[in-house]
Amino acid sequence: MQAIILGAGIVGLATAYTLANRGYEVTIIDQHDEVGHGATFANGAQLSYSYVAPLAGPGVIEKVPKWLLNPDSPLRFRPSLKPSDIGWQLRFLKACNAHRSEQTTAELLRLAYLSRDLYHEIFKNQTFCNIDFSRAGKLVVHRTAHSMESAVRQLEVQQRLGGMPQQALSATECIEKEPALAPIASQLVGGIYTESEEAADAYKVTLAFKQYLMQHGVKFLLNTQVTGFKRHVDNRVSVKVCTSPTTTAHASTVGALPNTLSADAIIVCLGVESRNILASLDIQVPVAPLKGYSLTLDIENESMAPHVSITDFERKVVYARLGKRLRLAGMADLVGLDYRIDQHRINALIAEAQAVFAQAGDYRKAQQWTGLRPATPLGKPIIDKTPLENLYINIGHGALGFTLAAGSAELLADKLENKSHVLAPLFNLAVAKAW
C-alpha cells in the first residue's frame, strides 16, 4: 500500500511513523526545506496529557467583549465578515457551556493518554535520545481565589473522568515544588500540580522522526508546494504539486518530479492550510488559525529558571525547560492567515516572562517565533476518511498538536485499514460538521 502524507509537522510525521511501521510505502510532501517548520517549530513544548480542556468553556462568552477591546489581552479576536469565519465563531460560542466542555475534555483525555503511551514506546528508540525530554511534572499557578476554586472543581471533574493524579497546592507548597517562583510568591493563591506531565522540544522530535523514517525507506519531498488535487471519475484524487529547483528527495526519487502524484491513500496533515485546499474539493472543515507566540531563552542563571513546567493561568503563558533553554509561549490571536511576528505581542510576552523569571537570562536575545495553530470550535481534531475514496484528514489539533500527534496517527492508521477503534467516532468529520 502506498501513502502520501501532506505536511511534515509533528502530526504528519507521527502519521508517517505509524504507517511505515505497518508496512506502508510512505512519501511525505512539505513546502518548507526542513521538517517541523510550521506550527510545530517552537511551540510550547509541554506534553500536556492531563490539561486538554478546550478553549471553549463556561465563562468564555462573558470575556469576549474584554478581549475585543483590550489589545493586550492574552486572547484576541479580529472581527471578520467571511462566512467561514463567522460560522467558526458561532460554533465556538455554541460550545461554551459546562456540559459540552466536560464531554470534550473526557474525549480528549482518552486520546491524550493513548498518545502518551505511544510516545513512551517511540521514545525508547535510540533515534529519539536528543529531544530534551523530561518528566518534571507541570504546575499551573493561580493568582486569584476565583480561578483557583475553578481549577479545583476542574481537578475533581477530571478525576471522575479517570484523569491522572493531581494535587491542589497552597502558594507556599507551589514555591516548595518550584523554588524559581519565589519572586512572585506574594502574588500566588495556589496551584495544581500533575506529576505525570512531560516536556520535549517538538522540533527535535520531528528531526528524530525524519531520521528514523529515512532509515526505513520513507521518501521526503521538501520544498514542494501542494497546489491542489486532480479528481478522477472513480471518486479518487491525485495531488498536484509544484517543486522548487532545490527540492530535496530521498530514496528512489530520480529525475523530474511529476506534476501530480497518486497513492492508495493521501492524508492531509497541513494544519491551517488544510481548510482552503480541501475547499477546492467542496470539503468544508471548521479549522481556523489561532496565532501563538514563543520565546526560546538561553538560561544564564540555573536557580532562577524553572525545572517544573509552569503555566501561569491568568496570564495564559506556559514555560517549559528544554535542557539549557527555557521555552515560553502564549497568546491566542484569531486574526486570519497572518504569519508575521507582531512585535507588540512579543514585547508583551517578554514583559510577562520578566515579571516571573526575570533573572533566568537575557530576554532581549531570546529567539522569537510565531505559529498558527489549526483550531476547531470544539477543540477536537478531525481524524477521518473524506467522501473521496483515497483522501483522509488528520487536522485541527489546535494547541495540542504535539500532545495528541501519536494517538491521532494511530486512529488515522486504523481508519485507513477499516479497523474499528473505540475513539474513532469521537473525532470524525461528521461530528465536526455537526457543530
Quick one: does any side-chain atom of Tyr293 pair with a main-chain N or O of Ala332 as donor and acceptor, under 3.5 Å? no
Hey, does Thr370 have a side-chain heavy atom less than 4.5 Å from the side chain of Ile346? no
Test side chain to side chain donor-acceptor pair (under 3.5 Å) on Glu198 and Ser134; report intermediate values, then the result. CA-CA 6 Å; Glu198 301 166 350; Ser134 66; over 6 Å; no
Sorted by chain and residue number, the side-chain contact (heavy atoms from CB on, under 4.5 Å) partners of Asn276 (sequence neighbours excluded) come out as Leu337
Search all heavy atoms of Leu47 against all heavy atoms of Glu197 and return the closest pair with its distance. O-OE2, 3.8 Å
Report the relative orientation of the aromatic rings in His120 and Tyr49; use parallel for angles under 30°, tilted for 30 to 60°, perpendicular for over 60°. perpendicular
Would a 4.5 Å heavy-atom cut-off, applied to side chains only, mark Leu404 and Pro381 as touching? yes
Any side-chain to backbone donor/acceptor pair from Glu302 onto Ala360? Under 3.5 Å, distance only. no
Lys204 side, atom NZ; Thr40 side, atom OG1 - distance, nearest 0.5 Å: 15.5 Å
Only residue of Thr376, Leu278, Ile383 satisfying side-chain contact (heavy atoms from CB on, under 4.5 Å) with Ile395 is Leu278
Qualifying residue, where the test is side-chain contact (heavy atoms from CB on, under 4.5 Å) with Leu213 and the options are Val26, Val218, Val35: Val218
Would you indicate whether the side-chain heavy atoms of Ile86 and Leu90 approach each other to under 4.5 Å? yes
Would you give the length of the straight line joining atom CD of Glu176 to atom CG of Leu181, rounded to the nearest 0.5 angstrom? 12.0 Å
For the residue pair His99 / Asn97, report whether a side-chain donor-acceptor contact shorter than 3.5 Å exists. no
Flag the pair Ser101 / Pro58 as yes when at least one side-chain heavy-atom distance between them is below 4.5 Å, and no otherwise. yes
Output the distance between atom CZ (Arg236) and atom NZ (Lys230), rounded to the nearest 0.5 Å. 14.0 Å
Strictly by modelled atom types, are Gln158 and Ser50 linked by a side-chain donor-acceptor pair under 3.5 Å? no
Close side-chain approach of Phe427 to Glu107, heavy-atom, < 4.5 Å: yes
How many angstroms lie between atom CG of Leu19 and atom CD1 of Ile28, to the nearest 0.5 angstrom? 9.5 Å
Should Asp333 and Arg345 count as an ion pair when the cut-off is N to O under 4.0 Å? yes
Can you tell me if NZ on Lys433 sees more than 12 non-hydrogen neighbours from other groups inside 6.0 Å? yes
Proximity of Phe133 and Phe128 rings by center, below 6.0 Å: no
Looking at Phe313, does the NZ or CZ of Lys316 lie under 6.0 angstrom from its six-membered ring centre and within 45 degrees of the ring axis? yes
Ring-face cation contact, Tyr51 with Lys138, 6.0 Å cut, 45° max: yes
Sorted by chain and number, sequence neighbours left out, side-chain contact (heavy atoms from CB on, under 4.5 Å) with Ala406 holds for Ser115, Leu118, Tyr119, Ile122
Any heavy-atom pair between the side chains of Leu423 and Leu426 that's under 4.5 Å? yes
Side chains of Ser150 and Arg153 only: does a donor on one sit below 3.5 Å from an acceptor on the other? yes
Rounded distance (nearest 0.5 Å) linking atom CG of Leu75 with atom CG of Leu290: 7.5 Å
Is the centre of the His397 ring less than 6.0 Å from the centre of the Phe402 ring? no
Side-chain contact test, heavy atoms from C-beta onward, threshold under 4.5 Å: evaluate it for Gln343 versus Gln368 and give yes or no. yes
Out of curiosity, Glu410 CD to His421 NE2, how far, rounded to the nearest 0.5 Å? 6.0 Å
Check whether any side-chain heavy atom of Asp132 lies under 4.5 Å from a side-chain heavy atom of Arg325, and answer yes or no. yes
Angle between ring planes, His37 versus Tyr203, binned at 30° and 60°: parallel, tilted or perpendicular? tilted
Which of Tyr212, Phe123, Tyr24 passes ring-ring contact (aromatic ring centres under 6.0 Å, His included) with Tyr17? It is Tyr212
Regarding Thr18 and Arg22, do their side chains bring together a donor and an acceptor under 3.5 Å, going by distance alone? no
